[in-house]
Amino acid sequence: MPDADLRPAPPVTPDADATAYDPKQVEAGWYAFWDAHGFFRADADSDAPPHVIVMPPPNVTGRLHMGHALQDAVQDALTRIRRMQGYNALWLPGMDHAGIATQNVVERRLREQGIERKEIGREAFIEHVWTYVEEFGGIIFQQKRRLGDSCDWSRERFTLDEEYNRVVQDIFVRLYDEGLIYRGNYLVNWDPDNMTALSDEEVDNVERDGQMWWIRYPYSDGSGHVTIATTRPETMLGDTAIAVHPDDERYTDLIGKTVTLPLLGREIPIVADEHADPAFGAGALKVTPAHDKNDFEIGKRHGLEVLTIMNPDATINEHGGPYEGLDRFEARKRIVADLDAQGLLDRVEPYKNTVPISSRSKAVIEPLISRQWFVKMKPLADPALAAVRAGEVTFYPERWQNEYFRWLENIRDWTISRQLWWGHRIPVWYYTDEHGERDESRDFVVSVEQPEPGMVQDEDVLDTWFSSWLWPFATLGWPDETADLKAFYPGTVLVSGYDILFFWIARMIMAGIHFTGEVPYRDVYITGMIKDAQGRWMSKSLGNGIDPLEMADEYGADAVRFSLNVLCTPGQDIKLEPSKFEMGRNFANKIWNAFNVFGRFMEPGPEGRLRDYRRSRSFDELELVERWILTRLNETIKTVDEAVGRYRLNEAALAIYDLFWRDYCDWFLELIKPPFGEAMDEDKIALAVEVYEQMVKLLHPFMPFITEEMWHRLRPRAEGDACIVAAWPTWKDSEVTMDKKDFRLRERGSAAIQSFSLIQEITTSIRSIRSSYNVPPSRGISVVLSIPSEEWNVVDPIGNPDSLERMLENHASYFEQLARVDDLDVVREGQKPKASATAVIPLRTATASIEMFVPLAGMIDLDEERTRLRKAIDEKEAFFVGVERKLQNRQFVTRAPEDVVARERQKAADAKAELQKLRANLEDLG
RNA sequence: GGGCUCUUAGCUCAGUUGGUUAGAGCGCAUCGUUGACAUCGAUGAGGUCACUGGUUCGAAUCCAGUAGAGCCCACCA
């Protein structure tokens, strides 16, 4: 166990000449600190409600890419929020052995050393893979630590560790015993590069510019020929029939005749089959049952011979006559040339067709008949469909559930055997003959253990996904009734991209229900995929990838995480470029610097520790801006909680960003920081600390490092006290008064919000005038606020007991600090001083407005002022006309809800009053 | 051939059940640097919410269609 506090102690007194924000420095030690304190560990015996996320296991050979960073930013934010909220939060990490991918990586490496896999044999090769895995396997987890991922490393799993292997084998046996796994000779997707079968999901259909060859097949009786069209002329070597549509008049009398297969001279029949489309090509179809799915079916219907003409490496086999040994594409060239030479090539046309490609090797898939293991999917899919239909699993965004339904409804059996070495061996055993060879005449035995001495195990391994689909429960000790399984299954939410919805997410739901009787998680949160600035997938070949670690080095891990969370609209792809991380970095910088506003006035406490600043005043004793910021904080906590509940982390992150920057820094700090050389009142420090601390907690799930750092700079902390386990802020309903539709029209808004909003508007208005007249910042100004006398006792925007007049007068210092107003005069129905700039500020709570005069003797340019006022009038008038039009519509007045109509009336009256004053002021200018 | 998504400020994107004078970041313009931050502050310019119809008192938001971009699925040789 490392030293509990690996973190250098934070400065006792924050440095007055504080250093600039340096993410590298801030992010250096906290991970070890958290880890050493065991904050990441979930407790299987806890009474707290669980919150469980299983990490989509990255490939064991993988390196961190932006997709990981995005999903981790989301998963870790969720985990940290729930942990702070008191949940027993588990984020379970692990790695995937990634069969083909890993085997290829190691094979390539060995080849560089001059070692061929086939030469050294299976056992030696597997040993090499394990060596490689041990050497490089954990790298991605080191990278994830750099991002701050708070996973429970004590529960880390690998899809090929010993216990996991046992589960996979058990599952195979179980499914076999249930009749859901079977072996058979079928046409499968064959990857000639890797020389293995693949599932349908591992095949991509790519549209390519190809060619259509029109070939003449002479009738055996010499009476002419039939022309067929094909995109794969080499498969003609395996043709065992020609098919025509039974109703196709052109060919009806040919049915039953035979043609002579060009080049090979075999005689093959012409059969009638509905599948032949008279409208396509020549209407006649060559039938190659061993190399085409449809032809396979036709062959079955007509009892045709199934003639495989290719070897597993896609070279032509002994059935190819003179073409034996040639690669399929070389054979194609030769065959076309030979046909042409014999006058049997009718024509060649350019043709756009879809070609099946191995998603792994990118090799063109060859449909090939081979003996493989399959899982019968329908019995698994039906309950999985029903469960989601019944709402046991909710997709975010919802539309992905339709994709899920569509796939499951049309599901086909799953080819699970792979002709690879790296993976879970298939638990099937064969008897051997006297030479030690498989005795195919005897039945095989399905069993985890070797049933009898001398029996040999199936050479094949299982599809990687056959182990990953067990991830949510196999990682928790299933099938044993472990404490972990009881505590953490089913999980809470799965966070993943839509690219593996079928591969993994849907299959996990099937497996969860089938084997445990429960769905593996209640929610599925689908993220978008990371694209480059042009919207293309990031890939090694394009070289357009952005390395998250480089970004973390340049901008900070906090910045990367925050930006990713802001950019992540559920289900929407993200066009990413490095500059996007500036937002996060600038924000972190802001967080850092904001602390210094009050931090530099904080004094040391006893024993050289930090002093603990605590507020001594009640809410009602606070000054306006303090009450205001607490109210805004309260509103924001609510917004955040609601957004998180809907997995809208982008909204949550932006809400805090806004609060911190726009409210706390731009207004609150500006008002409470002391003038010039004066010290800061300790009560004010206490309040600043209090709000900052709450915001730091809200931000922690998005920016764990800087918030942990600031957490320890804010107050003296006891051993074991840390932001990562601090109690999540709570909001009080009584203080939430936000009208989410309109910030400025909060009719029920709290006194603090209403009053301070008015001060903000007046301030902005003064600044605007200063700006248009280029009043130098150093120059103080006078401002006259003219309040309507008729509303004197009605308007009471701050609640009792203050009047509007007193409220404004009492906060003259605010205007001084914010807009350099030396002299504030609040009057009733005051006269406009000579040479004043004017503005009208509506009172949002009553049909009245405040008129503002800014005397600027010698600075007022009448033309300028006229232009300003005209512009204000034009804007207001356009608005007024729009509102009036609505109000004059009788339908609107009678049918719209009362409060909506009332609001419009209020708007119209406000606008009218303002217009009146603006016009009067304009006239005044002559 | 089916299905889905997107089209909102110069750029990248937010905008929950239809009612805000449609927002943010970046960029742009003007002004500002003797102490929180120029990775900053103040002020401002900039949008017929792709188009056409419909529903509604009211549509960026719901419905239908059109155009463009992209994705997924599908056995048409």
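Computed from heavy atoms alone, side chains included, the values below leave out hydrogens, waters and symmetry copies.
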Heavy atoms of other groups near Gln534(A) CD, more than 12 under 6.0 Å | yes

For the residue pair Thr288(A) and Lys286(A), confirm or rule out a side-chain donor-acceptor distance under 3.5 Å.
-> yes

Report the nucleotide, chosen from A77(B), A36(B), C37(B), that has the shortest atom-to-atom distance to any side-chain atom of Val597(A).
-> A36(B)

Select base, sugar-phosphate, or nothing to describe what Asn889(A) touches, counting heavy atoms under 4.0 Å on all strands.
-> sugar-phosphate

Could you tell me whether Lys286(A) contacts a base, only the sugar-phosphate backbone, or nothing, with contacts defined as non-hydrogen atoms closer than 4.0 Å?
-> nothing

In terms of side-chain heavy atoms of Trp661(A), which of U21(B), G41(B), G44(B) is nearest?
-> G41(B)

Quick one: which of A77(B), A14(B), U43(B) gets closest to the side chain of Arg648(A)?
-> A14(B)

Proximity to the side chain of Lys590(A) - top-ranked nucleotide from A36(B), G19(B), G25(B) | A36(B)

Look at the side-chain N and O atoms of Arg412(A) and state whether any lies under 4.0 Å from the OP1 or OP2 oxygen of C75(B).
-> yes

Quantified in whole Å, what is the C1' atom distance between nucleotide A59(B) and nucleotide A74(B)?
-> 37 Å

Within the structure shown, what part of the strands sits under 4.0 Å from Tyr657(A) by heavy-atom distance: base, sugar-phosphate, or nothing?
-> sugar-phosphate

Rounded distance (Å) that lies between atom C1' of A14(B) and atom CG of Asp658(A) | 12 Å

Asn593(A) versus Tyr21(A), side-chain donor and acceptor atoms under 3.5 Å = no

Look at the side chain of Glu670(A) and the base of A36(B), then say whether one donor and one acceptor between them are separated by less than 3.5 Å.
-> yes

Atom P, compared across C6(B) and G15(B): separation rounded to whole Å = 10 Å

Quick one: do the Glu202(A) and Ser199(A) side chains pair a donor with an acceptor below 3.5 Å?
-> yes

Nearest-Å distance once atom P is located in both A67(B) and G44(B) = 44 Å

Euclidean distance for C1', G10(B) against C72(B) (whole angstrom) | 33 Å

Rounded interatomic separation in angstrom, taking CG from Leu654(A) and P from C26(B) | 12 Å

Assign Ser579(A) to base, sugar-phosphate, or nothing according to its heavy-atom contacts below 4.0 angstrom with the strands shown.
-> nothing

Base, sugar-phosphate alone, or nothing: which one does Pro897(A) contact when heavy atoms must sit under 4.0 Å apart?
-> base

Taking the C1' atom of each, how far is G23(B) from A64(B), in whole Å?
-> 29 Å

Distance-only side-chain donor-acceptor flag, Asp273(A) / His302(A), under 3.5 Å | yes

Have Asp239(A) and Tyr217(A) got a donor and an acceptor in their side chains that come within less than 3.5 Å?
-> yes

Nearest to side-chain heavy atoms of Phe892(A), which nucleotide of U21(B), G19(B), U39(B) | G19(B)

Among A36(B), U43(B), G44(B), find the nucleotide with the atom closest to the side chain of Arg600(A).
-> A36(B)

Shortest non-hydrogen contact from Val226(A) to Ala284(A)?
-> CG2-CB, 3.7 Å

Whole-Å P distance, U8(B) and C49(B) = 11 Å

Nucleotide of U21(B), U43(B), G41(B) approaching Lys907(A) most closely (side-chain heavy atoms) = U21(B)

Which nucleotide in C37(B), C76(B), G25(B) has an atom nearest any side-chain atom of Arg662(A) = G25(B)

Asp666(A) side-chain proximity, nearest of A42(B), U16(B), G32(B) = A42(B)

Could you work out the separation of U33(B) and G25(B) based on their P atoms and round it to a whole Å?
-> 24 Å

Would you mind building the protein contact string for nucleotides 2-12 of chain B? One character per nucleotide, 5' to 3', B for base within reach (heavy atoms under 4.0 Å), S for sugar-phosphate only, - for untouched.
-> ---SS-----S

When Watson-Crick pairs (N1 to N3 and N6-O4 or O6-N4) and G-U wobble pairs (N1-O2 and O6-N3) count only below 3.5 Å on both distances, what is the dot-bracket string of RNA chain B, with | for other-strand pairs?
-> (((((((..((((.....[...)))).(((((.......))))).....(((((..]....))))))))))))....

Passes ring-ring contact (aromatic ring centres under 6.0 Å, His included), Phe502(A) versus Trp407(A)? Steps please.
-> CA-CA 7 Å; Phe502(A) 307 143; Trp407(A) 187 69; 5.1 Å; yes

Same-atom distance (C1') from U66(B) to C13(B), integer angstrom = 26 Å

Out of A14(B), U43(B), C76(B), whichever nucleotide has its closest atom nearest the side chain of Phe280(A) = C76(B)

